[in-house]
Participant: 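Sharing a structure here in structure tokens format.
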Protein chains: 2
Amino acid sequence: MLIGGLAKATGTKVNTIRFYEDIGLMPEPERTAAGQRTYTERDVKRLAFIRQARKLGFSIEEARSLLELKNTPNGSCDKAGDIAKQHLLSVEDRLTRLEALRAELENVVVSCTGGDVSDCKIIETLSQSRPKSVSAKPKRRSHAFSSL
Amino acid sequence: MLIGGLAKATGTKVNTIRFYEDIGLMPEPERTAAGQRTYTERDVKRLAFIRQARKLGFSIEEARSLLELKNTPNGSCDKAGDIAKQHLLSVEDRLTRLEALRAELENVVVSCTGGDVSDCKIIETLSQSRPKSVSAKPKRRSHAFSSL
DNA sequence: GCTAGCACCTCCAGTGGCTGTAGAGGCAAG
DNA sequence: CTTGCCTCTACAGCCACTGGAGGTGCTAGC
């Protein structure tokens, strides 16, 4: 199976597969005489696992850890549970922030009655130093959830 | 007022101010003889506006548009309303996805009873091709909401 | 034998919105 | 004159890819 086949089998872009190989998430595969990568059913499973983890919002590093755990059959399940719990917490945190944001935006949107810019509530709200509080200082930002 | 003063007055990092200048979101300020940037109260207001828009999740390009509208006093408020409405829609979309994700993660987390990896439900779920459906194909991804 | 049309290859730049660092120069107080 | 901040420019890094340039390899049809 060539890279295009693996891509189709897992719904992954070809470039993404090569990227995973670059960062060591997928192993370097055998090559044909012409230098083309060849994959096995093992690779399909591994990549499917990774994609599933990514869809659930786990970072690549978390996916890497989960894969390691998967391939350590005599290990305990606790670590996987910890990773998932931690991740759930961060999802819940995001949800809270996003809900607060929606509430603020709803206020803003409703207040726009289509008049002149000079008395536009949207512009006005943005001009105020603190319309309510969206709570600053996240200290660290994670880029993991951009598409959600 | 030097750049550090503007930074404090608006709660923005110095590097961020220079970054905004680079991308033309903040105007190039006057300089002292020694080449240091000097700012006025106008700049404080403009930057505060930008930061407020960013806190509400507007992208930099949206902030740029809102600023333009703000400085066009004879214009209509409708465009600002459109930008805000569009933005609210995308926030609601994110919320929906994130809630679905939370539900899936809760299932996964609860199912982990701390046994051996070989019968770990988390690993098992990730190994399945489709545990439920997280609805694929976002077609375009926006990186706007990483911190939310 | 020639050409078209693929799939594959490597390498690199770009996305968004900053953040952090290096190395140099400036400026006021002690 | 030194100390300790400030400021300057310029550039690398974050995340998880994506897309493109420019090339090779292979097969099918004329």
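Note that the coordinates shown come from a computational prediction; the quantities given were computed from them, not determined experimentally. Each chain gets a letter, A, B and so on, in the order its sequence line appears, and its residues count up from 1.
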Participant: Looking only at non-hydrogen atoms, find the nearest pair between A:Arg102 and B:Val91 and report the distance.
Facilitator: CB-CG1, 4.1 Å
Participant: Separation of A:Ile50 atom CD1 from D:dA16 atom P, in whole Å?
Facilitator: 12 Å
Participant: D:dC15 C1' sits how many Å from A:Glu62 CD, rounded?
Facilitator: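 The answer, rounded to whole Å, is 13 Å.
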Participant: Quick one: A:Leu6 CG to C:dC9 C1', roughly how many Å, whole number?
Facilitator: 16 Å
Participant: In terms of side-chain geometry, is the basic nitrogen of B:Glu61 or B:Arg64 positioned less than 4.0 Å from the acidic oxygen of its partner?
Facilitator: yes
Participant: Looking at A:Glu30, A:Glu28, A:Glu21, which one forms a salt bridge (charged side-chain N to carboxylate O under 4.0 Å, His left out) with A:Arg37?
Facilitator: A:Glu21
Participant: Give a yes or no on whether the backbone of A:Leu56 and the side-chain of A:His87 come within a donor-acceptor separation of less than 3.5 Å.
Facilitator: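 Such a contact is found between A:His87 side chain and A:Leu56 backbone.
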Participant: Please give, in whole Å, the distance from C:dC6 P to A:Leu2 CG?
Facilitator: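 It works out to 17 Å between those atoms.
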Participant: Please list, in numerical order, the residues of residues 13-30 of chain B that have a heavy atom closer than 4.0 Å to any atom of DNA chain D.
Facilitator: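 Heavy-atom cutoff 4.0 Å gives B:Arg18.
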Participant: Rounded to the nearest 0.5 Å, how far does CD1 of A:Ile60 lie from CG of A:Leu25?
Facilitator: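 It is 6.0 Å, given to the nearest 0.5 Å.
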Participant: Over how many whole Å does the gap from A:Lys55 atom NZ to D:dA16 atom P extend?
Facilitator: 17 Å
Participant: Once rounded to the nearest 0.5 Å, what's the spacing between atom SG of A:Cys120 and atom NZ of B:Lys79?
Facilitator: 12.5 Å
Participant: If you pin B:Thr32 and B:Glu61 to their nearest nucleotides in DNA chain C, which one's is more 5'?
Facilitator: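 Result: B:Glu61.
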Participant: Of all the heavy-atom pairs spanning B:Ser127 and A:Lys70, show the shortest one and how long it is.
Facilitator: OG-CE, 3.4 Å
Participant: Could you tabulate the donor-acceptor pairs under 3.5 Å formed by side-chain atoms of residues 13-20 of chain B, not counting sequence neighbours?
Facilitator:
from: B:Asn15; atom 1: OD1; to: B:Arg18; atom 2: NH2; distance (Å): 3.4
from: B:Tyr20; atom 1: OH; to: B:Arg51; atom 2: NH1; distance (Å): 2.6

Participant: Could you tell me whether B:Arg64 contacts a base, only the sugar-phosphate backbone, or nothing, with contacts defined as non-hydrogen atoms closer than 4.0 Å?
Facilitator: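 Touches nothing.
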Participant: Could you identify which residues of residues 33-41 of chain B place a heavy atom less than 4.0 Å from some atom of DNA chain D, listed by residue number, or say none?
Facilitator: B:Gly35, B:Gln36, B:Arg37
Participant: Would you kindly give the CZ-to-P distance between A:Phe58 and D:dC17, to the nearest whole Å?
Facilitator: 15 Å
